[in-house]
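The block underneath contains the structure these notes are about, expressed in structure tokens.
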Amino acid sequence: MEIPTGALVVLAGPSGSGTSTWAAHHLRSDLVISSDVLRAVVGVGPSDQRAGTDAFDVLDLVVERRLKRGLTTVIDALALDPKQRARWRELAARFDRPTCAIAFDTPDAECRRRNKARDRPVPSKAVTSQLSRWPDVRAALADEFDEVHVVRADGDPDSVALVPPALHRHRTRRSIQREDPMPLRFGLSVSSFTWPGETADLAPTLGRIATEAEEVGFSSLWVMDHVMQIPQVGREWEPMLESTTSLGFLAAATDTIRIGALVNGITYRNVAHLGKMVSTLDVLSGGRAMCGLGAAWFDREHRAYGWQMPPLTERYELLEDALELFPLLWGPGSPSFDGRRVTVPEAICYPRPIQERIPILVGGSGERRTLRLVARHADACNLFGEPDVVRHKVDVLHEHCRTEERDPAEIAVTQLSSILCASDEDELTAKLEPRSNDQRPAEITGAELTAGTVDQHVGRFRALADAGVEEVVVSLADVGETGAVDTFADVIDAFR
């Protein structure tokens with residue numbers, strides 16, 4: 001059974017159906033909010049029915065605060081009252097949390113037998129009333145909750161896994177990909193260099209990652225264009241290699257994989273000089289260069305290195321100048337170029353790139369300016385977000401293509417995903433354990449890293465392919481560890 005991390009989970013069933021026993025066996029105790037336990041907190045014991053109102057007031061408050069923090073919250077409270085269920089669902093909707101009901105279809109006789117065996121059994125009339133109401137409750141759950149799982153007295157699941165919502169949402173597409181495969185390419189982005197060992201170990205580790213990526217079938221290999229680590233990935237004093245130098249190293253370490261920066265900040269270099277750098281990379285790599293371009297954004301980096309960071313409008317003008325200049329620079333002759341922000345008397349570049357046109361990828365998902373520039377000038381775009389967001393962005397891109405009278409098929413759609421991938425649940429647990437602690441339990445860490453098994457990632461990537469993505473560029477959280485690239489090979493194989 002898979003439950004999305006951060007969900008509201010309601011255990012529903014009559015007294016004696018086994019909700020508490022099941023929860024104790026399959027779930028950590030800190031995830032479960034029990035009405036019986038709260039009766040004991042505000043009353044004289046777990047069977048103190050007079051404390052019921054106060055207990056549920058406390059329960060609702062705890063549920064609200066947990067959902068607000070994005071914590072998986074499991075309610076063990078029979079859940080036979082439709083008003084209670086509606087109140088819990090309203091709390092989940094307020095904080096945009098998925099909802100899940102687990103229905104306990106235990107035979108009536110078994111419920112009665114278990115109840116009688118308790119130290120303090122629920123009165124027989126109350127159990128009879130609950131059992132008579134259960135069929136209607138059971139039928140209502142499917143309409144009320146995002147999903148319903150069923151537990152029977154003779155058929156408990158072997159295990160329960162908390163899965164990041166991004167992976168859980170597309171679980172049905174795993175079987176679709178097996179039965180009706182869709183091709184999808186994968187790129188590898190190396191965005192962090194905090195690997196085991198000393199500084200002298202960075203080069204051999206990066207070289208190993210590159211050769212492994214090529215061997216297992218990655219189509220492209222990327223590095224970020226930053227000179228200090230960005231806050232989305234790590235701390236600014238962590239190792240960060242300069243991109244163009246690193247790409248030269250990667251070109252020498254590989255033979256077939258395409259290489260590039262995802263993406264070159266347009267403010268970090270003289271624009272014409274950047275075009276020359278990309279051309280040189282193409283020549284020395286044997287025609288494997290990709291040119292990633294973006295408007296740049298990291299103000300802290302600009303200040304630290306003394307670079308000017310013009311207003312966003314000017315940066316977009318620089319970006320469009322580069323998009324127009326580079327094909328001239330890489331083409332025949334030495335024409336002059338007079339752009340919005342860039343003037344080049346002679347667009348001269350010898351030797352010419354090996355590729356007739358080095359593919360230009362623009363990073364970013366801005367609908368009004370970025371995607372319009374993609375439609376007007378670029379060969380690829382790199383988008384962020386889950387399949388529903390990507391599908392919308394692709395629609396916007398296609399609308400810009402119609403305006404620019406350009407065939408959308410000429411533009412490759414790529415998507416950037418940061419993930420942690422494991423072969424199976426046991427390996428996933430082993431990978432999450434050292435990254436977790438009392439303040440950051442494994443399911444929270446897993447959700448932040450989009451951590452899942454090969455099978456779970458296949459479902460999400462199929463959904464991205466269905467949304468129009470042709471290549472997913474993955475940043476593996478454990479890329480520096482031995483075996484990380486090989487593990488992802490199984491995902492690549494699923495889409496060959």
*Go through the steps to decide whether V227 and L241 satisfy the test side-chain contact (heavy atoms from CB on, under 4.5 Å), and finish with yes or no.*
CA-CA 7 Å; V227 290; L241 300 179; over 6 Å; no
*Enter the distance from L247:CG to L284:CG here, rounded to the nearest 0.5 Å.*
11.5 Å
*asked:* The test is side-chain contact (heavy atoms from CB on, under 4.5 Å); show your working for M224 and Q229 and say whether it passes.
replied: CA-CA 9 Å; M224 295 198 303; Q229 186 56 276; 3.4 Å; yes
_Rounded distance [0.5 Å steps], CZ in R66 versus CD in E64_ = 13.5 Å
*Please report the C-alpha distance between T244 and L281 in whole Å, then the side-chain angles of each, then the deciding distance to 0.1 Å, and finally whether the side-chain contact (heavy atoms from CB on, under 4.5 Å) criterion is met.*
CA-CA 8 Å; T244 55; L281 178 65; over 6 Å; no
*Would you give the length of the straight line joining atom CG of L184 to atom CD of Q415, rounded to the nearest 0.5 angstrom?*
9.5 Å
_Can you tell me how far apart CG (D338) and OG1 (T343) are? Round to the nearest 0.5 Å._
4.0 Å
*Mark yes when over 12 heavy atoms from residues, nucleotides or ligands other than E356 sit less than 6.0 Å from its CD; otherwise mark no.*
no
_Distance to the ring centre below 6.0 angstrom and angle to the axis at most 45 degrees; does that hold for R303 and Y305?_
no
_With side-chain hydrogen bond (donor to acceptor under 3.5 Å, both in side chains) as the criterion, how do S191 and S189 come out once you've worked through the C-alpha distance, each side chain's angles and the decisive distance to 0.1 Å?_
CA-CA 6 Å; S191 56; S189 172; 4.8 Å; no
_L274 and F326: CA distance, side-chain angles, deciding distance, side-chain contact (heavy atoms from CB on, under 4.5 Å) verdict_ = CA-CA 9 Å; L274 174 60; F326 285 4; 4.1 Å; yes
*asked:* Would you say T256 and E214 are linked by a side-chain donor-acceptor pair, where the criterion is simply a distance under 3.5 Å?
replied: yes
*Assert yes or no for the condition that the ring centre distance of H302 to Y268 is strictly below 6.0 Å.*
yes
*Any sub-3.5 Å donor-acceptor pair from R288's side-chain atoms to S285's backbone N or O?*
yes
_Straight-line distance of R169 CZ to T172 OG1, nearest 0.5 Å_ = 12.0 Å
*For R368, does the CZ atom have more than 12 heavy-atom neighbours from other residues, nucleotides or ligands under 6.0 Å away?*
no
*Of R462, R178, R460, which is the lone residue that meets salt bridge (Lys or Arg N to Asp or Glu O under 4.0 Å) with D455?*
R178
*Flag if over 12 foreign heavy atoms under 6.0 Å of CG, D96*: no
*Can you find a heavy atom in the side chain of I102 that is under 4.5 Å from one in the side chain of V9?*
yes
*Rounded to the nearest 0.5 Å, what's the gap from CD on E317 to CZ on R340? Could you check?*
7.5 Å
*Taking atom CZ of R357 as the centre, does the number of heavy atoms from other residues, nucleotides or ligands within less than 6.0 Å exceed 12?*
yes
*Does the side chain of F495 come within less than 4.5 Å of P183's, by heavy atoms?*
no
